[in-house]
Protein chains: 2
Amino acid sequence: MADLARELNVSMTTISRALSDHFSIGPAMKQKVLKLAKKYNYQPNHMASALRKGKSKLLGIVVPYIEGRFFPSVVHGIETAASKAGYNVIICQSNEDVAQERRNLDSLLSAQVAGVLVSLSRTTLDHKHFDKLRSRGLPLVYFDRVVEGDNVNTVVLDDREGGYLSTRHLIAQGCRHIAHLAGPQHLNIYKNRRQGYFDALREAGLPEDESMVVYTDMLQEQGAAGLRQLLALPTPPDAVFAAGDFCALGAMQEARRQGLRVPDDVAIAGFSNESFTLVAEPNITTVDQRCEEMGQAAVRLLLEVINSAGAAFSPRQVALRPELLVRASSLRPAPAATPVPKKVAVSRPKAVG
Amino acid sequence: MADLARELNVSMTTISRALSDHFSIGPAMKQKVLKLAKKYNYQPNHMASALRKGKSKLLGIVVPYIEGRFFPSVVHGIETAASKAGYNVIICQSNEDVAQERRNLDSLLSAQVAGVLVSLSRTTLDHKHFDKLRSRGLPLVYFDRVVEGDNVNTVVLDDREGGYLSTRHLIAQGCRHIAHLAGPQHLNIYKNRRQGYFDALREAGLPEDESMVVYTDMLQEQGAAGLRQLLALPTPPDAVFAAGDFCALGAMQEARRQGLRVPDDVAIAGFSNESFTLVAEPNITTVDQRCEEMGQAAVRLLLEVINSAGAAFSPRQVALRPELLVRASSLRPAPAATPVPKKVAVSRPKAVG
DNA sequence: TTGTACGCGTTATCAA
DNA sequence: TTGATAACGCGTACAA
């Protein structure tokens, strides 16, 4: 600060230059300043700097909530990547409420963040409120729960591929009547998981039967109820692909209540790699969502947009490749009785960015 | 901004007063300004305001990491409470590393936060680096992993009480040889859980036997190894109180591998209310840590310090009351054979703030 | 009730 | 290579 300038009999300009590693500064002077700064343990005021430069080192995050396995892990990835790049993160929760989401955006706007990372609330149907960011030129990246289209920056798991891999695995285990416990179809993630399920069935020449699909909100009880409903069909399923682990757990518990063996009588696969999938008996087959990678990819993309400052940046959509984790709940005792059907066009994974 | 002032032919001062609800402002004028502000959707610049007033609306959080059940839930509570009070939160991870923790503090200092909430890293042995905050008059509250002493603000779970309740419950179930899987004793939480365990034994007139305590890092495998070690004793335990759920899970799995029935042959209780405790078979008895309440209490305390601005504030230590969740893993078929010993002095819960 | 003038800490611009 | 000056957006004495 001014103290340093006085003590060294130079101007504040010189101090500023020394500290910010400006090119026009003598190495000798620079060392002197830095040394004295240490001694007084000078702490730069990011606010003043941001105010002057119009650029802060803050990123905003808006998530529906910070709980469960997914969002905390993504936030973990975001914070790690941001911190590495010299940014701090401000975190906001929308509590699955659009109105709150709107307030979050205003709040971040006021905090002068350099960019925003968003995962949409469940009740967000239109996204006019994000135009406010656009009009201020604030870089924006959606992750996981995204706005669809090619004029936005997004980072998602390739959920279709996840559903595809999972269902294909069940087919390879010899299952021929595979049911699906689906989630709310207005969310891209559940829509795509269902699509992957159908893609795998079609590829294997199995019927795409809507009566084998039960729509739920992915709750544990709904998984149980869903399976009950499916078992009452003329041809009950010999496998279930659930779009979420809680739902899969509910189904598995219900199966055992009904005296069925898992995976022998009915194989089960979930989605999300919740920690309890390794605790349940039998361990539940699931799909890992690469939470941390998603956070890091989102930050990487956001920083690219920020650093492209002005230079027209064409929006990018990144899809991460999911990982199928095969566990006991879907592993038939006499495995691979049926060879894996060979891939055809429809099975190609989407481009991975 | 200036635009509004020009449009209304008044000074910026007037605008400022209208927006900040100053007392000396005409209601008519105030309405006009607010209306125009909406129209232009004016967004206050918190940085400029903070710079001018020397007070920001930002709180800093430093946690070891954002994963698992505990920290995300506390952060959830913190963000909720802070947001309600008009604050935003900046979150930092120390990754269990003191050096990183130090950098986090510098970072928050530079961001001009109004106060800091900290849960210490595992490798933090001294805490001189927090003096830097003190010397700048920055309010500081520790939570969960705290500095001990009465000259700091802390919010913790009453871990001693948790250990006590858990052990007392096992005794009431008729168990007489109760072992303890303990955690690193330099962390207050594990030290206190162990203390509660001993308190309950003493109260019931049972021997306090160090050979029944195995020290671990609370990992699942260590729980299994710990139980193996205990079962090799001349008088093997008929119950185990583990200071963490992962450890309890490992012990339970090991018990079943050895052909023992849980809880009949050995009863098991854990700590933390991890979500898998409800998935494991049998469900695991555990202690809920009131994560969200902890976050909210920490924010409440921090805001008190902030608002006491200058007025000498005497540090406070808050302890939250834990909740014992009794599940099948510790519930003997013929329960309450032994009456609960009556409480004596040592069993009194500590004051709850 | 309103306006004027200045300063918070930093940096960009221009001149030396 | 360095210095003087103004400005970022807002809030607050003080005067009107």
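Letters A, B, ... mirror the listed sequences (proteins, then strands); counts begin at 1. Worth knowing before you read on, the calculation uses all heavy atoms, side chains too, and leaves out hydrogens, waters and symmetry mates.
For the pair A:Lys57 NZ and C:dT11 P, the interatomic distance rounds to 12 Å; values are reported in whole Å. Atom pair B:Leu19:CG and C:dT2:P shows a separation of 14 Å (rounding to whole Å applied). With rounding to whole Å, A:Ile15 atom CD1 is found 13 Å from C:dT10 atom C1'. In this structure, the NZ atom of A:Lys30 is 14 Å from the C1' atom of D:dT1, given to the nearest Å. When rounded to the nearest whole Å, the span between CZ of A:Arg6 and P of D:dG3 equals 15 Å. Atom C1' of nucleotide D:dT2 and atom CZ of A:Phe23 are separated by 12 Å, given to the nearest angstrom. Rounded to whole Å, the distance from CZ on B:Arg136 to C1' on C:dG9 is 13 Å.
Residues forming a side-chain contact (heavy atoms from CB on, under 4.5 Å) with B:Arg103 (at least two apart in sequence, or on another chain): B:Asp97, B:Ala99, B:Gln100. The side-chain contact (heavy atoms from CB on, under 4.5 Å) test applied to A:Arg316 returns A:Asn153, A:Leu301, A:Glu304, A:Phe313, not counting sequence neighbours. Applying the salt bridge (Lys or Arg N to Asp or Glu O under 4.0 Å) criterion to A:Glu7, with sequence neighbours excluded, gives no partner residue. In terms of the side-chain contact (heavy atoms from CB on, under 4.5 Å) criterion, residue partners of A:Glu148 (sequence neighbours excluded) are, by chain and number, A:Asn188, A:Lys191. Applying the side-chain contact (heavy atoms from CB on, under 4.5 Å) test to A:Thr13 and every residue at least two apart in sequence or in another chain returns A:Ser11, A:Arg17.
In this structure, the side chain of B:Gln317 engages the main chain of B:Val152 through a donor-acceptor pair within 3.5 Å.
Using a 4.0 Å heavy-atom cutoff across all strands shown, A:Gly54 reaches no nucleic acid atom at all.
Comparing the axis of the opening five pairs of the helix from C:dT1-D:dA16 to C:dA16-D:dT1 with that of the closing five pairs yields an angle of 40°, rounded to 10°.
OP1 or OP2 of C:dG3 has at least one side-chain nitrogen or oxygen of B:Ser11 nearer than 4.0 Å. One finds a side-chain N or O of A:Thr14 lying less than 4.0 angstrom from the OP1 or OP2 phosphate oxygen of D:dG3.
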Sequence-aligned protein contact record of nucleotides 8-16 of chain D, with B where the base is within under 4.0 Å of a protein heavy atom and S where only the sugar-phosphate is: BBBBB----
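Every pair passing ring-ring contact (aromatic ring centres under 6.0 Å, His included) that includes a residue from residues 111-152 of chain B is listed here, sequence neighbours excluded: B:Phe130-B:Tyr142. Identified under the ring-ring contact (aromatic ring centres under 6.0 Å, His included) test for residues 25-84 of chain B, with sequence neighbours left out: B:Tyr65-B:Phe71.
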Trace of the side-chain contact (heavy atoms from CB on, under 4.5 Å) decision for A:Thr154 with A:Val147: CA-CA 8 Å; A:Thr154 61; A:Val147 168; 5.8 Å; no
